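All values reported here derive from a predicted model rather than from experimental measurement. Numbers restart at 1 for each chain; the letters A, B, ... are given by sequence-line order, proteins then strands.
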Amino acid sequence: MAYSDKVIEHYQNPHNVGSFGSSKEVQARKDVGVGIVGAPECGDVMQLHIQVSDAGVIQDAKFKCFGCGSAIASSSLATEWIKGKTVDQALAIKNTEIVEELSLPPVKIHCSVLAEDSIRAAIEDWKKKNGHATAVDAHAAHAH
Amino acid sequence: MKNTMNKSRPLYLDNAATTRCDPRVVEVMLPYLTEAYGNSGSRNHAFGWEAEEAVEKSREQAAALIGANAKEIIFTSGATESNNLAIKGAANMYAKKPEGQTGRGHIITALHEHKAVLDPCKRLQKEGFDVTFLQPPADGVITVDMVAKEIRPDTILVSIMWANNEIGTINEIPAIGKLCHDKEIIFHTDGTQWVGKMPTDVERDNIDLLSWSSHKIYGPKGVGALYVRRRKPRVRLEAIVDGGGQERGMRSGTLNISGIAGFGKACELCQHEMQSEGERLLKFRNRLETELAKAIEVTQVNGNASKRLPNITNISFGFVEGESLLMGIKDIACSSGSACTSASLEPSYVLKSLGVGDELAHSSLRLSMSRWTTDKEIDYTIASITKAVLHLRKMSPLYDLFKEGVDISKIQWQTH
């Protein structure tokens, strides 16, 4: 299948690859939210780490991704977009915007959904750690 | 006309999918596309005779490749058609009860067969036959004991492929054939990946029906053959395509003369070259496997270590997904066991049937070599794959977990 130039660019030079520590370390950090979505047997797992200020601004974001080129590009793009945004602004990002930006074909829409889910999951995690009201119930059943 | 085929092209390691047609084959074909365009069914003029002569020569060449008599070769459009004709044709001919009833007879095949065997069997299942789909063991090799255990008094047909198209494993064919002959059961084998690559003798190997294809052995696409045993026992088939009665009534339709001429030549070339070619390809395969395993931790060669074709290897690279790996080696044409382009995200059913974990199935590549593969190409492939896997592992959350000592299979993933 042919990939768009933007997907290829993100694949070759992904933005913000990394983490803010091992799984144990980030669990202990209150300023870091962790989102891991997907499953290896489905062929894609996205891990998003966000570092959030007390004021609720995402100061930095790092991703890791096991998945196809579109999944890698979607998570790379997501980290770019959420950096500098407040958590509420980040929650407003829709998967359809990722689809549009990367020109994803229909069979790859689930990659963008996964990226949106990883943003939500990471923010939920940060909120939980910091005693903010979460929207877990509203999004737990998010199926795709 | 603009030639779009001259762009810089990837090197080709997908020869289990199809092969380049040998120039010596093309040369034999050309006259039958231009001046010698007769129909082999035309009995009363030179054009027809010329075509018939070409077909009969090819029939001899195809028969010689498998140790058969020329009269036992039926030309088809390819292995899919041969498999359909063999399986449906034999089942319907030897059915214990007429159409429309159940209990028409028992068929044995295996779960990791090609779809061109599985789907005809599934159709027969709907039409009143019982089908046993053998579960392959972890090494992928179907043994004679596995088949023997499933044989019943009403078993009429066993269809087990000679070598698997995704992992190259070789099933116990002569022994399964012998078992079927002893029990008077028709034995069909899909030899698409085997014939032309490995020595074949339908007498010694106890085969009743053998399918193979031209385009996997450096011949043109759209041609194949079915060997149908004529004595001890004489195997009869109910035709699928009816019409002019060509191919002893088993496969009507004007013959594809140029294709058949090329197929015959391809068979002849394989017969002469398979041994030296096999030795060369085995070295390539071994080099790919050992050098990649040395350069990249957590790699796994799928299928039995020794009972495998020399030209196919299937390797899983843990913690990276196959499609993204293909993207990283886009100048190498090969296949992945991951089918992330479909909505279901199902990894290869062949690897799954062997019990290869889903994440390792998603992480697999099939590399298949040919007559034209070079040492340099193998070097390049090893370097490219290593680079791509290491690039992807830097991004892989699964690789991090592995490094932290976490067992990935024990994590409660949020499946979707």
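- Within 6.0 Å of CD on A:E100 lie no more than 12 heavy atoms contributed by other residues, nucleotides or ligands.
- Distance SG/A:C42 to CG/B:D358: 8.0 Å, rounded to 0.5 Å.
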Would you check, one step at a time, whether the test salt bridge (charged side-chain N to carboxylate O under 4.0 Å, His left out) holds for B:K352 with A:E41? CA-CA 11 Å; B:K352 275 184 85 162; A:E41 62 262 37; over 6 Å; no
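- Only the backbone of B:K394 comes within contact range of chain A, judged by heavy atoms closer than 4.5 Å.
- Ranking A:V45, A:I36, A:I8, A:I109 against chain B, the residue ahead of the rest is A:V45, based on heavy-atom pairs under 4.5 Å.
- Shown here is A:D54, whose CG atom has no more than 12 heavy atoms of other residues, nucleotides or ligands within 6.0 Å.
- Around CZ of B:R123, the count of heavy atoms belonging to other residues, nucleotides or ligands within 6.0 Å does not exceed 12.
- Around NZ of B:K122, the count of heavy atoms belonging to other residues, nucleotides or ligands within 6.0 Å exceeds 12.
- Distance check, rounded to the nearest 0.5 Å: CD of A:E25 to CD of B:E404 gives 8.0 Å.
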Given side-chain contact (heavy atoms from CB on, under 4.5 Å), test B:M327 with A:I72 step by step and report yes or no. CA-CA 11 Å; B:M327 213 173 150; A:I72 290 168; over 6 Å; no
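- Comparing A:A71, A:P14, A:S19 by how many heavy-atom pairs each has under 4.5 Å with chain B, the most go to A:P14.
- One finds the CE atom of B:M395 at 6.5 Å from the OH atom of A:Y11 (value rounded to the nearest 0.5 Å).
- Of the atoms belonging to B:I411, not a single heavy atom falls under 4.5 Å from chain A.
- Between A:S23 and B:L401, the shortest heavy-atom distance links the atoms OG-CD2, 4.5 Å.
- At a heavy-atom cut-off of under 4.5 Å, chain A is reached by no residue from residues 381-388 of chain B.
- The NE2 atom of B:H362 lies 6.5 Å from the CZ atom of A:F66; values are rounded to the nearest 0.5 Å.
- In this structure, CD on B:E321 lies 8.5 Å from SG on A:C65, to the nearest 0.5 angstrom.
- Under the side chain to side chain contact (heavy atoms under 4.5 Å, CB included) criterion, A:K94 pairs with A:T96, A:E97, A:R120, sequence neighbours left out.
- When all heavy atoms of B:S324 and A:G69 are compared, the closest pair comes out as CB-N, 3.9 Å.
- The line from CG of B:D400 to CD of A:Q47 is 6.5 Å long, rounded to the nearest 0.5 Å.
- Other residues, nucleotides and ligands contribute only 12 or fewer heavy atoms inside 6.0 Å of the CG atom of A:D5.
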